[in-house]
Participant: 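Provided herewith is a single structure, encoded as structure tokens, for subsequent inquiry.
Here the structure is a predicted model, which is why all the values come from computation and not from measurement. FYI, side chains are in, hydrogens and waters are out, and symmetry mates aren't considered; it's all heavy atoms of this structure.
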Amino acid sequence: MTSDRPVRAPVQLPPAPSVLLGRTPELDRLDEIRLRSDPAPSVVVLTGVGGIGKTALALHWLHTHRAQFPDGILCARFSAEGTETAETASGVLHGFLAALGIPADDIPASLAQRAAEFRAVTADRRFAVLLDDVVHSADARAVLPSSAHAFVLVTSRSQLTSLALDGAEILPLNPLPDQPAREVLARAGQRQISQADVKDLLTACAGLPLALAITGARLRTRPRRKPQQEARRGRVRPVGDFPALATVFDASYAALDDAAARLYRTCGILPGPHHAVEALADTLQSSPAHLDDAVDELIEANLLHELEDETVAQHDIVRHDARVRAERQDAEADRHYLIRRYIRWYRDRTVTASALIHPFRPNFAAETVAATESFADRDHAVTWWRRDRPVINAVAKAASAHGWDEELWQLAEASWGFFLHHRDYEPFLELCTKGIEAARRCQLPLVEARLHSQAGFVCDQLGHYDEAAAHNAVMLEIGEREQHGPTQASALARLARNARRQQDWEGALELYERTARKQAEAGVPRGVGQARYRRGEVLIKLGRDEEALRELAEATAILAEVGDVIQHARAVIPLATVHARRGDYRRARTELLEVLEGVERLESPHFQAEILTALADLERGHGDEASAERHLDEARRLSGDSVEPPH
């Protein structure tokens, strides 16, 4: 061994990037790791897709902290095997030993001996090592020093998870947030660009620093080029010595086995911001164990990232690459087959969840879609829907784009129950409108009428009364033509709502009475209860409290018997109003608090807000301003900052 020889303190750092933006959290984390006391060298793996800025971050940090490493900074670049610049661990160690002053003739021949010599000559020294673009954990592990004062930065497109066994911290890099991305583009481009063009360019570059820098450089060196043109071509055009951005994924993709490569391409074409692992397994007809292996391989390669609740996602730039590869490698028929399987998986889950979330209205879709054993109970169904609501919306749009009408109307109908509790008005109205057209093309008039009913309700809530009336008129026409009692009853209830808005109280009473009779004829007691409590509300408006009490007593009894917690609670609101008007404030408040407890158990933000608002109105009328304000604040929180609580 030659550990007693004098050792030089070489600094092999390439130049630092001129500026580094948007990486403050990562830089702070590197500072924290450097300052902690460990009996072993600090090892950090900066990992992320090609072009994410791993090397730039490492160089910036090392240049900034150069004074903290008086015994030198060693650098080596690894790369994929078979390339002209490929470097082995043995070759890296030879270069390090030579840089440290070891004569070439004294450098051992074998990898193990070189590693031992490297550790010996650097023992207890304060130095840093940059291992750039490492492909295999074994290469990095062979080069690790033993000095507790050493700091090792590894950059890799893979996560090199096994290095965690050596105490390494894995630090993933994500695409840049919006503001730093804008600054990178502006600094590189140095020309005035409209906000609309900036937005398009940011979307095209998807937060990838290399893409932003190259795009800005091309705009600077090609002043006549329109930003819109660059946004279209930014990912695929080379510039100078830099390759086309599409090639930054080639090495990672080439290393995948067939199952992982197919999963990668499939994720690129499927709709939605994330994917449930169960849905992917069903779509690819893969066993869970086999799919888990493919998922882990993609996560390790930073071509997929894991979210909570067994879901995964791709960053936009990765998703674009995956989609392009799918379009080039997979037949169109195969892609459509996978997308439709995926849509049907979500359709099946949606119908099953709907039956648990809103069991009081059987769906037509349930007659043709077999229920799946997906959810232990209603709470699990609600949790799933909250998580995957953006995916359900995206799946419905994909079904519409492909002209898959059956799946489209089924998704539109089955989404009603969740909408009632969470009220995402605009997306739901768009879904219903497309569902109506799909049901019409499928020649399903009763389904069409139901979707008109849903759309009419949303239009009414949004204040689009003429549109609501048009939907309701079509629903009534279909109900009468098909002689379908429940459809006729729903249309009559909508007409009654219109009469109330016009303050035609007697007309509303008559229409609600006809609704109750139709629902009774159809054998729908819940519908009878709803019509009765609506009559009670109108009677209160007319000051006929005795009649209102009779209607509301009947309504609450029916709705309690059928187990509809929500509609029972809504019927209690006017009942409490009558009690309060008769001077029994305590009874009115107690009744509202009791039904609020039941609605809270259902995790229904909209209806919780409705009860809380009624409670606040009651308390304010009794002079209890503090309680009223507290309950109204809670109603606003549940409704959302931009939405007024229901009245």
Side-chain angles (χ1 to χ4, degrees), residues 48-52 157 174-175 199-208 210-212 214-215 228 230-238 243-277 279-284 286 291 294-295 297-299 301-307 311-346 388 390-404:
V49 298
I52 200 72
R157 298 183 187 188
N174 293 316
K199 185 176 180 181
D200 289 342
L201 289 166
L202 291 176
T203 299
C205 296
L208 201 66
L210 179 60
L212 291 160
I214 291 177
T215 297
Q228 306 97 299
E230 191 59 40
R232 289 197 308 270
R233 306 165 71 189
R235 286 192 177 116
V236 296
R237 299 285 293 177
L245 293 176
T247 66
V248 302
F249 299 100
D250 285 349
S252 298
Y253 180 77
L256 301 174
D257 69 19
D258 289 345
R262 185 171 185 237
L263 174 60
Y264 177 68
R265 298 194 306 272
T266 300
C267 287
I269 62 172
L270 296 179
H274 64 257
H275 307 301
V277 174
L280 293 173
D282 183 85
T283 299
L284 292 167
S286 170
L291 187 77
V295 167
E297 187 174 348
L298 292 179
I299 291 173
N302 287 306
L303 297 177
L304 201 65
H305 59 275
E306 211 164 14
L307 305 176
T311 57
V312 293
Q314 290 174 317
H315 292 302
D316 288 346
I317 196 82
V318 177
R319 186 180 180 87
H320 173 81
D321 179 75
R323 183 171 63 253
V324 169
R325 292 182 191 276
E327 290 170 351
R328 289 175 179 169
Q329 295 180 232
D330 302 323
E332 184 178 17
D334 292 337
R335 298 198 307 272
H336 286 184
Y337 172 78
L338 292 173
I339 294 170
R340 195 163 196 179
R341 276 194 68 90
Y342 188 76
I343 289 172
R344 286 179 171 173
W345 186 90
Y346 268 98
D388 280 10
V391 184
I392 295 168
N393 289 337
V395 159
K397 288 182 179 179
S400 176
H402 285 281
W404 295 329

Participant: Are Ile317 and Pro175 close enough that some pair of their side-chain heavy atoms sits under 4.5 Å apart?
Facilitator: no
Participant: Do His305 and His315 come close enough that some side-chain heavy atom pair is under 4.5 Å?
Facilitator: yes
Participant: Under a 4.0 Å N-O cut-off, is there an ion pair linking Asp250 with Arg325?
Facilitator: yes
Participant: Which residues pass the ring pair (Phe, Tyr, Trp, His ring centres under 6.0 Å) test with Tyr264, sequence neighbours left out?
Facilitator: Tyr253
Participant: So do the side chains of Cys267 and His275 get within less than 4.5 Å of each other, counting heavy atoms only?
Facilitator: yes
Participant: Measure the shortest side-chain to side-chain distance between Leu212 and Leu202 over non-hydrogen atoms and say whether it is less than 4.5 angstrom.
Facilitator: yes
Participant: Testing Asp330, Asp257, Leu284 for side chain to side chain contact (heavy atoms under 4.5 Å, CB included) with Arg262, which one passes?
Facilitator: Leu284
Participant: Can you tell which of Val324, Asp321, Asn302 makes a side chain to side chain contact (heavy atoms under 4.5 Å, CB included) with Phe249?
Facilitator: Asp321
Participant: List the steps and the verdict of side chain to side chain contact (heavy atoms under 4.5 Å, CB included) for Trp404 and Ile339.
Facilitator: CA-CA 11 Å; Trp404 295 329; Ile339 294 170; 3.8 Å; yes
Participant: Hey, is the main chain of Ala279 close enough, under 3.5 Å, to the side chain of Thr283 for a donor-acceptor pair?
Facilitator: yes
Participant: Where do Val391 and Pro271 come nearest, in terms of heavy atoms and distance?
Facilitator: CG1-O, 4.2 Å
Participant: Do other residues, nucleotides or ligands put more than 12 heavy atoms under 6.0 Å from the CG atom of Asp258?
Facilitator: no
Participant: Heavy-atom distance under 4.5 Å between the side chains of Leu307 and Val312, does that happen here?
Facilitator: no
Participant: Would you call His320 and Arg323 a side-chain contact if the rule is heavy atoms closer than 4.5 Å?
Facilitator: yes
Participant: Side-chain contact test, heavy atoms from C-beta onward, threshold under 4.5 Å: evaluate it for Arg157 versus Val49 and give yes or no.
Facilitator: no
Participant: Any chance the side chains of Asp388 and His274 put a donor and an acceptor closer than 3.5 Å?
Facilitator: yes
Participant: Is Gln329 close to Arg265 at the side-chain level, that is, under 4.5 Å between some pair of heavy atoms?
Facilitator: yes
